[in-house]
Amino acid sequence: MDERKPPLYDPQAVEARWQAHWAAKRTNEPDLDGAERPFYTLMMYPYPSAEGLHVGNVYAFTGADVYGRFRRLRGESVFEPMGFDAFGIHSENYALSVNRNPAELIPENINRFRTQLKRMGLMLDWSHELSTTDPDYYRWTQWIFVKLLKAGLAYRKKAAVNWCPECKTVLANEQVIDGYCERHLQTRVELRFLEQWFFRITDSAERLLANLDSLDWSESTKALQRNWIGRSEGAEIVFGTPMGTEIRVFTTRPDTVFGATYLVLSPEHPLVDAVTAAEERAKVNAYRRAAAGQDIVSRRIAKDKTGVFTGSYARNPATRETVPIWVADYVLMEYGTGAIMAVPAHDERDFEFATKFGLPVRQVVRDEANSPLPIITWDGVLTASERFDGQPCREAVPAITAWLEEEGAGAARVQYRLHDWCISRQRFWGPPIPVIYCRACGPVPVPEDDLPVELPLIEDFRPDDTGVSPLARHEEWYFVPCPSCGAKARRETDVSDTFLDSAWYFLRYPSTDFDDRPWDSARTRRWLPVDMYIGGNEHAVLHLLYSRWVTMALHDLGHLPFAEPYRRFRAHGLIVKAGAKMSKSRGNVVIPDEYVAKWGADAFRIYLMFLGPYQEGGDFRDEGIAGARRFLDKVWAAVDEAAHREAEEPPKPVLKKLHQTIAKVTEDIEELHYNTAIAAAMEYLNTVREHGGAVQAAVDPLIIMIAPLAPHIAEECWATLGHEGSVFDARWPEADRALAIEDTVELVVQVNGRVRGRLHVSRGIAEPEAVTLARENVQRHVEGRTVRRTIYVPDRLVNLVVE
RNA sequence: GCCCGGGUGGCGUAAUGGCAGGCGCGGGGGACUUAAAAUCCCCUGGGGGCAACCCCAUGCGGGUUCGAGUCCCGCCCCGGGCACCA
């Protein structure tokens, strides 16, 4: 026996060596202009926080990298770029809190992120890195805005924002806690109405929804988007008033129109003034003021119903009766028409409101069980609805809608929950919205040749309570001649939403080396749409929806040859620590650097991919990572043994297991089932060890199969095994079906579905019963009873049904 | 309330309608060692039996089937998303 001690596996040395090698040889940089089998794999670029790379980032990136490396081993040229989402309120707030300028802080954070990412062994092409804060990048973000504005897809309107008088700035909804500022818990957030820029995404709601059916995306993500778009079918119904004003309501239940006993307008509804009777005006105005005084967040929390009567009435077009008009904040201006017909007998909210204010409740739907009101069901029949009595609800919808239409009192209508996208941010740290306001010409887009409108590197970027950006204080920047008439004009001081930055970053990556165009058309044709996008479902709606919309709009304007940006999207799961959510306050945050220093990046990667199904997430436990490392130690030892042995055929059982493993690992990685792929590789290695089968022909394919998961050790082992060049230039092994097949099988014998014995037979035997009954234990269970039936599943089991 | 996931050993997870428990962690025992670590070997769902074997067991209750962790119906619990959306 060979008593030679194998050299120790030192991940730090191995990983440093190969990371240097990849960088020096530029192995991660595909030929963007000539690649014949291009494959573009994308991961969600991070926001470079001051805390550094989070384990959630590493989990997401590793999973995407495993897939990218796998495709590379399958012979494709894989482009795997990375960048930084460095603009935005988070960076700005953090900079403010440590009293520094984000412009100098962000590059420091990016440097740290880059170092950490390189340490993880990701196959990133750093020659195409980008940062959204780079003028060469946001020049084109602004260019997109200008294109959309010129196409009529951007418009201005007044909209509510949360204002913190203490921070002197606008807050995002998630920064408002119970009506108070998250940073100043004593300070009530106020509502302010400002002119802001919107994109008309609701015009594309139907297309954004319909396209989902044909996209190869995680179903969970598609479900979130469908939910968010929120399509509802129903009708718009017109209620006339004696003054001649028409009130339009949207309802999904036109079948219940005979039960509409009052109307409710949202406090912001433009017709409130017109319908309010003189004697009720004071009360109505007071109510409207109170509603306006609330911040956006508290307004949305369901609470006791409140409202006021306007003193006037409208006519129900179905019953022709007069119904009172109320104003209440449970009706939202942002949805439908901002007004509803209240059917208290068949809607919980209306029922609660009617009960509280003593309004009439009229039942128009009966269900089988004769339930108490309110009855909320589609499975009922109409009653007290004149000639529609007795019709099932569903059938009544088209009938009643058609009748109302004939009467000129309504029409079928589809309504979406989706809102237009507000992109204005009254902040400093973002790309200035490229618009100039001229007294004579109105809002004028900055000419494309003048882009970028650079964000000036001002020192006094702290916001004040004027409600305008600190940029307005810099006259040399603020005042400019109007691009169309030359008169003195002023710049827009708001910056755009970070989601606009991230709505097109994947278009930029392949073309970062062009400074005269946002994307090169030849490159774009070769590499886009993105072949595989992997990321978290926290971005299922905003980012993924906005980037779809921007792509669609740019396509319609002739700037892109495709309308959907991502061919495939897969959502990864969430990772928790020892059964609990990770958070700074719990002190259970996994810091990748510490684990990488102790166990190596490869062991960390393997463990992350092993701890649960990638698309479902899993539970990170400190004890578990030792197992990943032990596996790599055993791989290392097997490679060393193979390198010092004569080349010979692997033992029969090893060869069989090898081909089974190749089939399984190939399939599993393709499906992102990394945990079971690793389990299969471990099983195979166990088989190799049991049979003393660590020979080159057995170990070579194992190294290729683990290379996507543990790239550094795979490279080192590949070299140890005497191969020239990178393992990533090797060919992925092919499973040989014939070699994978077992020639004897274990046949399970059941009596009445219970296992009573097992026997080894050669594959494909035809008549199992006689053989089966020979077994003593089976004999015992069959004795004295008659076999009624025999179920035979070839090469698997026999089930004898007795009695 | 609505929409997605998920509930299997002490733990993380695995199982085209066909042997529930593969892989890994943890635990127990043994070998090696002056000793420990590392490594290697064996055992490891519960109960009964000297044993052959038998019974119970995949959140709960029903059902379909020769056969159900897997399919169907009705619940319960956990995680996530949306939420006064008419």
Side-chain angles (χ1 to χ4, degrees), chain A residues 8 218-224 226-228 230-232 234 249-253 256 260 264 266 299-305 328-332 334-343 346-350 352-353 376 415-419 537-538 540-541 571 573-574 576 578-579 581 606-607 610-613 615-628 630-631 633-634 637 673 675-686 689 746-758 776-777 780-781 788-793 795-802:
Chain A
L8 197 72
S218 291
E219 283 303 322
S220 59
T221 312
K222 291 207 252 184
L224 287 165
R226 287 194 185 103
N227 234 310
W228 187 260
R231 184 182 196 275
S232 296
V249 303
F250 173 74
T251 179
T252 52
R253 295 299 300 264
T256 64
V264 186
S266 156
R299 173 71 184 274
R300 291 197 178 175
I301 294 167
K303 51 182 188 271
D304 270 354
K305 296 280 178 289
D329 69 356
Y330 80 95
V331 174
L332 310 175
E334 307 91 77
Y335 186 74
T337 61
I340 61 156
M341 63 174 204
V343 185
H346 307 292
D347 182 282
E348 276 178 34
R349 298 152 303 187
D350 298 344
E352 189 191 334
F353 192 82
I376 322 293
Q415 179 64 44
Y416 300 91
R417 232 190 43 167
L418 186 71
H419 288 40
N537 260 344
E538 69 272 17
V541 281
L574 233 61
V576 298
K581 211 173 184 164
I606 290 262
Y607 180 58
F610 181 64
L611 54 69
Q615 288 170 92
E616 284 164 40
D619 191 357
F620 190 103
R621 287 174 188 262
D622 285 346
E623 312 89 75
I625 194 169
R630 277 197 276 269
F631 170 61
D633 284 336
K634 289 178 199 167
H673 296 165
N675 57 332
T676 50
I678 294 168
M682 287 172 166
E683 265 187 73
Y684 172 61
L685 183 57
N686 290 345
R689 288 157 57 89
E746 195 180 62
L747 208 59
V748 170
V749 186
Q750 298 182 333
V751 179
N752 283 349
R754 317 204 61 153
V755 181
R756 295 304 179 190
R758 42 201 95 213
E776 192 194 343
N777 197 43
R780 270 193 326 129
H781 284 90
R788 294 243 178 267
R789 237 178 113 182
T790 304
I791 311 283
Y792 178 45
V793 183
D795 302 329
R796 276 191 178 275
L797 101 174
V798 188
N799 188 11
L800 305 173
V801 186
V802 300

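Reminder, nothing fancy here: chain letters follow the sequence lines and each chain counts from 1. Predicted, not measured: the structure shown is a model, and the values here were computed from it.
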So [X], base contact, sugar-phosphate only, or nothing? Heavy-atom distance under 4.0 Å.
{"X": "A:Ile340", "answer": "base"}
{"X": "A:Gln750", "answer": "base"}
{"X": "A:Lys581", "answer": "sugar-phosphate"}
{"X": "A:His781", "answer": "sugar-phosphate"}
{"X": "A:Glu746", "answer": "base"}
{"X": "A:Asp633", "answer": "nothing"}

Subject >> Reading 5' to 3' through nucleotides 9-15 of chain B, protein heavy-atom contacts under 4.0 Å coded B for base, S for sugar-phosphate only, - for none >> reply: --SBSS-
Subject >> Contacts of type salt bridge (charged side-chain N to carboxylate O under 4.0 Å, His left out), residue A:Lys634, not counting sequence neighbours >> reply: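 In terms of salt bridge (charged side-chain N to carboxylate O under 4.0 Å, His left out), with neighbours along the sequence ignored, A:Lys634 is linked to no residue.
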Subject >> Pairing residues for A:Glu348 by the salt bridge (charged side-chain N to carboxylate O under 4.0 Å, His left out) criterion, not counting sequence neighbours >> reply: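 With sequence neighbours excluded, A:Glu348 shows a salt bridge (charged side-chain N to carboxylate O under 4.0 Å, His left out) to no residue whatsoever.
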Between [N] and [M], how many Å separate the two [atom1] atoms, rounded to a whole number?
{"N": "B:rG9", "M": "B:rU44", "atom1": "C1'", "result": "10 Å"}
{"N": "B:rU64", "M": "B:rU70", "atom1": "C1'", "result": "14 Å"}
{"N": "B:rG24", "M": "B:rC78", "atom1": "C1'", "result": "24 Å"}

**OP:** Examine B:rC40: is either OP1 or OP2 under 4.0 Å from a nitrogen or oxygen in the side chain of A:Arg689? Give yes or no.
**Re:**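 Affirmative; the distance criterion is met.
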Original post:
At under 4.0 Å, does any side-chain N or O of A:Arg630 touch on OP1 or OP2 of B:rG26?
Top reply: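 Yes, A:Arg630 has a side-chain N/O under 4.0 Å of OP1/OP2 on B:rG26.
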Subject >> Opposite nucleotide pairing with B:rG5, Watson-Crick or G-U, both atom distances under 3.5 Å >> reply: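 The base-pairing partner of B:rG5, which may sit in any strand shown, is B:rC78.
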**OP:** Provide the Watson-Crick or G-U wobble partner of B:rC50, both distances under 3.5 Å; none if there is no partner.
**Re:**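 The base-pairing partner of B:rC50, which may sit in any strand shown, does not exist here.
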Original post:
Is A:Lys305 close enough and on-axis enough to A:Phe353, meaning under 6.0 Å and within 45°, for cation-pi?
Top reply: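 The answer is no, since A:Lys305 fails at least one limit relative to A:Phe353.
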